[in-house]
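Below is one structure, written out as structure tokens; the observations come after it.
Remember, predicted model here, so these are calculated numbers, not experimental data.
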Amino acid sequence: MLLNVENLRVSYGKIKALHGVSFNIDAGEIVTIIGANGAGKSTTLRAVSRMVPVESGSAMTCMGKDLLKFPPEKVVSELGITHVPEGRRLFGNLTVMENLQLATFARKDLDNVKKDIRRVFQIFPRLEERKSQASGTMSGGEQQMLAVGRAFMSGRRLMLLDEPSMGLSPLLMMNVFQALKEINRQEGTAILLVEQNARLALKFSQKGYVLENGNLVLEGDSDTLINDPQVKKAYLGG
Amino acid sequence: MTFTFLMQNLINALQWGSFYALIAMGYSMVYSILMLFNFAHGDIFMVGAYIGLGVSLGLLSLFGTGAAAILPGWVLLVLTILISMFLTAFVGIIVERVGYRPLREAPRASAAITGLMIGIMLETGNILFLGGQRFKFPQLHQFIAHTKWGMAMRAMAYDYVVVPLVGVPMNTIAAMTFAIGSALAAAAGILFGLAYPVLDPYMGVSFGWKAFVAAILGGRGSIMGACLAGFMLGFIEIMTVPAIQIMNRLFSLNIGSNLRDLIAYSIVLVILVFRPHGLFGQAYSSKLRL
């Protein structure tokens, strides 16, 4: 098991966001968490990447190591868990190339870094055309590509994706998801995907969880979930 | 009005300006990365000067002076500057760790007040415990523009929340920023000590505020601007005195040279009226986050 999360609880001040959530991800697996706005999907990802503090009793392990012992930057550089945040959050004042290079800050294998940058440009040829451009001036689709590329550069054991389809045209969205599939297949990168677009997410993934008001209420194979009458009614528009 | 008189003033202006420039660069450096003015910075300049004094005395007693000297004087000076910059950098790191890191999510005003308080603590600490070659700027610019540390600093200036998400240790970068800024202040402190060998615990206050003016004049967060504005400020301040003297003689006026600061900073005010973002500052909108 790659990632095991037990009884994850997170609060923002007095507001409880997650009431003891448990799930797991195997190596190379694509898992999705679907749910309505405010259900706690983004919070779950933020807890795994250690961006928000968790309450006592929560337990997370990555390959048997206690994830809570790692500060956020080490979750990336030592465990290989990367987080592509909602809204991409690129460093808009840095060029495309600099965004990719910065993501290798903690890496020592400089020869592989060059190879990996070539690999990113192979997956997203558009980024190579724009490599000297300030990333803040690119279109939404290009920015999403760079956000994925940046995560790819910093680690690739598990990628946490927060609403990657947001604000993208259907064509660009397909583009990004195809690239993600390619990364998953060729690098064995596991993916934890959080999406509003539940149909897309369930088609893309192998396993799914349904999150409601900070509780996981349903889990199963994505093929099963997509035909589940309850899921259909609540998240797939009938 | 002889040539030597003018030359002397010019040299003084350059020297005075270099103090302002070095301190102002430290202000700007920290501001450009962390979006806050470290108001304790003037006092770090003072601490740097004292550390420089201590280090030079220590080195002199170790390696001797005059005929018995083991090392030539210039080597001692270079060593003094390097060691003091290193030690003062640590003071900067401690200030960041103790004073600013706990307040990173707090309102900006809290951090500003903390800075002022740390400044007062450094001054009184000095009283309590003691009874009361220039760092090349193009290298600094190169550092920020082209190394991975510089890249991380610029990224932090843009969106510090995300910095750890790409595997960059944010606290290390913040500490590094303070370390470099403080090392610059130390260099200024030693240069000051060489020219005006009287140090006092409050020397950082007036220098610190004037260098802060230079940092604003240069454009908030622009290191190059801070350097240039520092020299400009030194030049305006020093040259105001001979200018007053010339005016007095030509028009038989009787303006006192104690009006120096009033006149010098009125000029600064006029410049800011026409360039409110400073000489090299970006308009605020270009920093707008979407």
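Of the residues considered (A/R107, A/R89, A/H83), A/R89 shows the highest number of contacts with chain B, using heavy-atom pairs under 4.5 Å.
With a 4.5 angstrom heavy-atom cutoff, A/L160 does not touch chain B via any of its atoms. For A/M153, no part sits under 4.5 Å from any heavy atom of chain B, backbone or side chain.
Side chain of A/K41 to backbone of A/L211: no donor-acceptor contact under 3.5 angstrom is found. Judged purely by atom type and a 3.5 angstrom limit, A/D109 has no side-chain atom pairing as donor or acceptor with the backbone of A/D111. With B/S182 contributing its side chain and B/A179 its backbone, the two residues share no donor-acceptor pair below 3.5 Å.
Ring geometry, B/Y20 versus B/F207: the interplanar angle falls from 30° to 60°, so the pair is classed tilted.
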